[in-house]
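For reference, positions follow the sequence shown, starting with 1. Every value quoted in this text rests on a predicted model; they were computed, and no experiment measured them.
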Amino acid sequence: MMKSTILLASAVLLTGSAVVSSRFPLYSRNNDFQPLPNIIFLVCESTDGRTWQRGYQDDVIPLPNLRKLEDDGGISFYRHYSNSPVCCPSRATFWSGKHAHKIRHKQRIKNNDPFVVNGVWNNFEGLDPSYNHTIFDILQLHGYATYLSGKQDYVTGGHSSNVRFDAWTMYTDFPYDIPSNGGWREETDMCLSEGIVHEQDDSIESKYWHGDWESLRETIDWITNHTKKSSDKPFFAYQGMNIVHPQYVTNQRYYSAVDPNKIKVPEWINPQDMHPCDLQASMLKGCFAVNASTNTDADIERRRRIRRIYYAMISEFDAMVGRYVDAVQKDLPKEVADNTVFIVTSDHGDMQMEHHQFYKQAPYDASSSVPLLIYDPRRRRRHQQQPDISLHHQIVSHPTQLIDLFPTIMDLAMVPLYHRPSDLDGHSLLPLIDSDYYSAKQLVKEGHLIGSTAAINTRPNFVVSQYHGDLTAMSWFLIVETFPCVAFDDDSPKVPTTDRECAMKYIVWGTGTEVENMLFDLTHDADELVNLINDPKYAMIRQLLDEHLKSIVEYKAVAEEVATYNHQSFQRWVNVTSNWKDILASKSLRWHISWEEAGNDQAIAAVNQWISEPPQVKACRKHIVWPTPAANSEKWD
Ligand SMILES: *[C@@H]1O[C@H](CO)[C@@H](O)[C@H](O)[C@H]1NC(C)=O
Ligand SMILES: *[C@@H]1O[C@H](CO)[C@@H](O)[C@H](O)[C@H]1NC(C)=O
Ligand SMILES: *[C@@H]1O[C@H](CO)[C@@H](O)[C@H](O)[C@H]1NC(C)=O
Ligand SMILES: *[C@@H]1O[C@H](CO)[C@@H](O)[C@H](O)[C@H]1NC(C)=O
């Protein structure tokens with residue numbers, strides 16, 4: 001402890017001196033000089049974190065390559081969360097290591113002067129193009145060669161305009177009427193589709209996802225080139241895959257490898273029993289049938305097939321990981337292979353038909369949890385040298401989050417504190433990993449891991465995520481925290497088991513008062529079907545979670561700020577766009593059918609009404625017809 005304090009102090013002293021030699025090319029442990037590790041960072045799309053867990057639906061998804069890495073001493077994180085489950089904000093959070101509500105950036109409407117936005121509030125928003133404190137910027141500064149390929153999507157302004165129009169108008173009372181005309185919904189028909197299986201295609205590299213395979217080859221090429229020409233310089237190679245993002249498409253090879261009988265098909269409850277925000281999200285995502293007489297949404301076999309295709313896609317991603325592992329372990333010199341760490345994760349999950357939804361954007365685990373595997377071959381080498389040190393698949397079930405990757409990578413690469421951004425919100429994951437290899441404390445003692453000391457003792461037992469963008473009807477905030485299980489098992493007396501932890505999730509909608517919030521016991525209710533928010537037994541836990549959530553994000557203030565920002569941005573846009581009504585109803589946005597079906601005039605009237613009122617956080621609407629007729633307001637039946 002004493003030692004740590006001293007090291008921190010010296011690191012602070014060094015902060016000002018940018019001229020200090022930036023590189024720690026070698027570190028010594030027991031006089032054993034070792035090079036900095038290479039890092040391969042693979043980020044797929046839309047993967048529900050639970051799908052990589054052992055035993056998930058009786059191991060329905062073939063994941064031979066990931067399993068091999070696990071068996072070879074890999075580390076899996078089973079409660080890992082996206083900090084804002086939609087592409088651009090999520091990627092902005094992990095590349096910068098900051099929470100979504102802390103990513104200030106400039107936004108612009110058409111060619112007008114840019115204005116400052118305090119957070120990444122929707123999928124149109126991310127890091128400023130000039131932002132230069134990302135993980136790879138810092139690694140470059142530290143002497144790493146870096147290469148980025150495939151899907152990047154973390155810079156502001158990259159997405160189509162509809163994502164921000166949709167987010168801006170979140171609190172507009174657009175008219176809808178589900179049974180007769182499809183209601184208010186986005187016009188992607190993917191949620192009601194049957195998915196696509198290319199039956200003629202039996203290749204390992206499916207034709208539909210060939211772009212990912214091409215980026216993969218290019219990246220492996222770069223790694224090979226780099227290793228040949230400058231093997232003393234460590235590398236950091238990133239590929240972002242598109243795979244697993246809907247639409248749901250696979251080929252025969254992967255489809256037939258998923259046993260449909262193992263698939264658990266999610267139950268759907270009646271629309272009138274749904275939480276109002278689930279109902280709205282489902283409608284916005286086009287998951288309710290447009291036409292009651294072609295009501296495919298209730299079809300269990302369709303749901304099963306969609307999940308089967310989704311799992312087949314995840315299996316193809318596993319094959320991509322395998323290709324990387326082979327390229328490194330079989331084709332590169334052994335000393336490079338033995339020193340190359342893999343970090344494999346996803347930007348967010350996918351509802352995969354749970355709670356009457358697909359896509360992400362929801363606070364449920366299907367959407368907000370992501371898988372994470374860290375594979376470090378140096379653990380194996382250490383095990384070979386000292387067989388008493390075990391080499392096993394380690395599973396970390398403490399809550400962790402994507403913004404933790406920044407300090408984790410900094411620790412792995414031994415980046416001294418004075419080269420790291422001072423405002424990182426995450427915590428290194430290394431202290432959670434068994435200390436056989438990552439004796440972080442030992443490294444600190446030896447003076448090699450400057451800056452990590454803070455991470456060792458201050459990691460809280462919880463993580464936080466939030467979302468404010470399109471395809472949902474209110475801002476939400478969530479916290480996942482672990483407690484000793486016995487703490488809330490009070491009416492069924494149990495022997496206190498200090499080794500068992502229960503994970504609770506608390507979800508706040510809007511400012512916390514507009515609709516019912518949610519509380520789930522993730523350990524006993526993994527599908528998040530039983531809302532415990534009003535259960536007096538959990539009152540204390542709820543209060544504690546609320547306090548902890550607020551310690552990270554003042555949710556009331558943030559929800560109100562987003563409502564104001566939406567209101568102002570929309571007005572700004574209207575002010576400089578004379579034909580804004582035509583644009584909103586145009587076919588280039590994906591919601592023109594809704595405008596026409598609901599009656600464009602009524603939709604414009606709703607917008608005008610919303611704009612004429614002060615900005616306000618409004619409750620998700622719970623009726624299936626809107627505006628509700630004075631009498632007979634529920635006419636679902
Ligand atoms: C980021 O850019 C600024 C302005 O160009 C520059 O002064 C600074 O050194 C850069 N920082 C890093 C980490 O590259
Ligand atoms: C790797 O080197 C080859 C041969 O010099 C070159 O053609 C190729 O473009 C390089 N690939 C990458 C990704 O740098
Ligand atoms: C609903 O589907 C039926 C059968 O396909 C069709 O006859 C009917 O016109 C559709 N109704 C609407 C409102 O689109
Ligand atoms: C839009 O224009 C109106 C009228 O000119 C003006 O009062 C308002 O401040 C403008 N709003 C924004 C957000 O620019």
Side-chain angles (χ1 to χ4, degrees), residues 39-56 61 63 65-85 90-91 93-94 97 135 244 314 317-318 321 341-350 360 364-377 379 391-412 424-438 440 452 455-456 459-465 478-482 500-505 522-523 526:
I39 298 170
I40 294 180
F41 183 35
L42 305 178
V43 180
C44 62
E45 259 286 346
S46 304
T47 303
D48 172 349
R50 301 166 305 173
T51 59
W52 290 9
Q53 294 183 8
R54 295 206 176 213
Y56 181 74
I61 312 176
L63 299 170
N65 296 289
L66 289 164
R67 295 290 180 249
K68 217 168 82 192
L69 292 180
E70 290 169 4
D71 289 339
D72 199 25
I75 302 130
S76 299
F77 294 78
Y78 277 11
R79 287 202 194 284
H80 194 60
Y81 286 86
S82 169
N83 296 92
S84 188
S90 172
R91 291 160 189 271
T93 63
F94 70 70
I135 294 173
V244 189
I314 293 174
F317 172 71
D318 173 85
V321 175
V341 175
F342 281 83
I343 301 177
V344 194
T345 188
S346 177
D347 58 347
H348 50 70
D350 189 284
K360 48 279 183 179
Y364 294 112
D365 268 17
S367 144
S368 61
S369 83
V370 287
L372 172 64
L373 175 74
I374 297 180
Y375 170 72
D376 188 338
R379 295 180 90 214
L391 182 76
H392 60 276
H393 174 214
Q394 192 193 345
I395 295 169
V396 175
S397 50
H398 280 280
T400 56
Q401 55 196 339
L402 282 177
I403 55 172
D404 294 338
L405 290 178
F406 199 128
T408 304
I409 291 172
M410 296 298 110
D411 277 5
L412 279 170
L424 296 180
D425 290 327
H427 302 270
S428 173
L429 300 170
L430 297 196
L432 291 177
I433 298 172
D434 72 343
S435 50
D436 287 353
Y437 184 75
Y438 300 104
S452 263
I456 294 174
R459 180 184 190 87
N461 264 351
F462 58 80
V463 296
V464 163
S465 178
L478 75 78
I479 175 169
V480 172
E481 179 159 2
T482 51
R500 271 196 67 220
E501 283 190 323
C502 279
M504 300 295 298
K505 182 195 275 181
L522 296 177
T523 304

Got a sec, which residues hit side chain to side chain contact (heavy atoms under 4.5 Å, CB included) with [X], two or more places apart in sequence or on another chain?
X	result
N65	D318
D71	R54
S369	D48, R50, Y81, D365
L424	F406, P407, P421

To the nearest 0.5 Å, how far apart are [atom1] in [X] and [atom2] in [Y]?
X	Y	atom1	atom2	result
T482	F462	OG1	CZ	10.5 Å
S368	K505	OG	NZ	3.5 Å
Y375	I343	OH	CD1	13.5 Å
L412	M410	CG	CE	9.5 Å
H348	C44	NE2	SG	9.5 Å

Identify, with sequence neighbours excluded, every residue that meets side chain to side chain donor-acceptor pair (under 3.5 Å) alongside [X].
X	answer
S76	H393
S82	S90
T400	H80
Y56	Y311, Q352

Legend entry - Residues that F77 engages under ring pair (Phe, Tyr, Trp, His ring centres under 6.0 Å), provided they are two or more places apart: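 Once residues adjacent in sequence are excluded, F77 has no partner under the ring pair (Phe, Tyr, Trp, His ring centres under 6.0 Å) criterion.
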Inset, instruction - Would you please name every residue forming a ring pair (Phe, Tyr, Trp, His ring centres under 6.0 Å) with F342, sequence neighbours left out? - result: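 Applying ring pair (Phe, Tyr, Trp, His ring centres under 6.0 Å) to F342 gives none.
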Inset, instruction - Going by the side-chain contact (heavy atoms from CB on, under 4.5 Å) test, name the single residue among L63, I374, V321 that passes it with L69. - result: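 When side-chain contact (heavy atoms from CB on, under 4.5 Å) is applied between L69 and each of L63, I374, V321, only V321 qualifies.
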Are the side chains of [Y] and [X] in contact, using a 4.5 Å heavy-atom criterion?
X	Y	result
I75	L373	no
T345	L402	yes
V396	L429	no
V464	L478	no
H427	I403	no
D350	T47	no
Q394	I433	yes
V344	V43	no

Inset, instruction - Decide yes or no on side chain to side chain contact (heavy atoms under 4.5 Å, CB included) for I40 and V341, but give the supporting numbers first. - result: CA-CA 6 Å; I40 294 180; V341 175; over 6 Å; no
Inset, instruction - Using the side chain to side chain contact (heavy atoms under 4.5 Å, CB included) rule, take L522 and M504 through it: C-alpha gap first, then chi angles, then the decisive distance, then the call. - result: CA-CA 6 Å; L522 296 177; M504 300 295 298; over 6 Å; no
Legend entry - Partner set under salt bridge (Lys or Arg N to Asp or Glu O under 4.0 Å) for R91, not counting sequence neighbours: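 Listed in chain order: E45, D347.
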Side-chain donor/acceptor of [X] to backbone N/O of [Y], under 3.5 Å:
X	Y	result
D404	G426	no
R79	H398	no
E481	V463	no

Legend entry - Heavy-atom closest pair, residues S346 and S46: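 Answer, listing the atom of S346 first, then S46: OG-N, 3.3 Å.
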Inset, instruction - Any salt bridge (charged side-chain N to carboxylate O under 4.0 Å, His left out) involving residues 391-400? Give me the pairs, sequence neighbours left out, ordered by first then second residue. - result: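 Residue pairs with at least one partner in residues 391-400: there are none.
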Inset, instruction - Take W52 and I314, measure what side chain to side chain contact (heavy atoms under 4.5 Å, CB included) needs, and give me the verdict at the end. - result: CA-CA 9 Å; W52 290 9; I314 293 174; 3.7 Å; yes
Inset, instruction - Go through the side-chain N and O atoms of N83 and S465 and say whether any donor and acceptor fall under 3.5 Å apart. - result: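 No donor-acceptor contact under 3.5 Å links the two side chains.
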Inset, instruction - Check the pair I395, Q53 against side chain to side chain contact (heavy atoms under 4.5 Å, CB included), reporting the backbone distance first and the verdict last. - result: CA-CA 9 Å; I395 295 169; Q53 294 183 8; over 6 Å; no
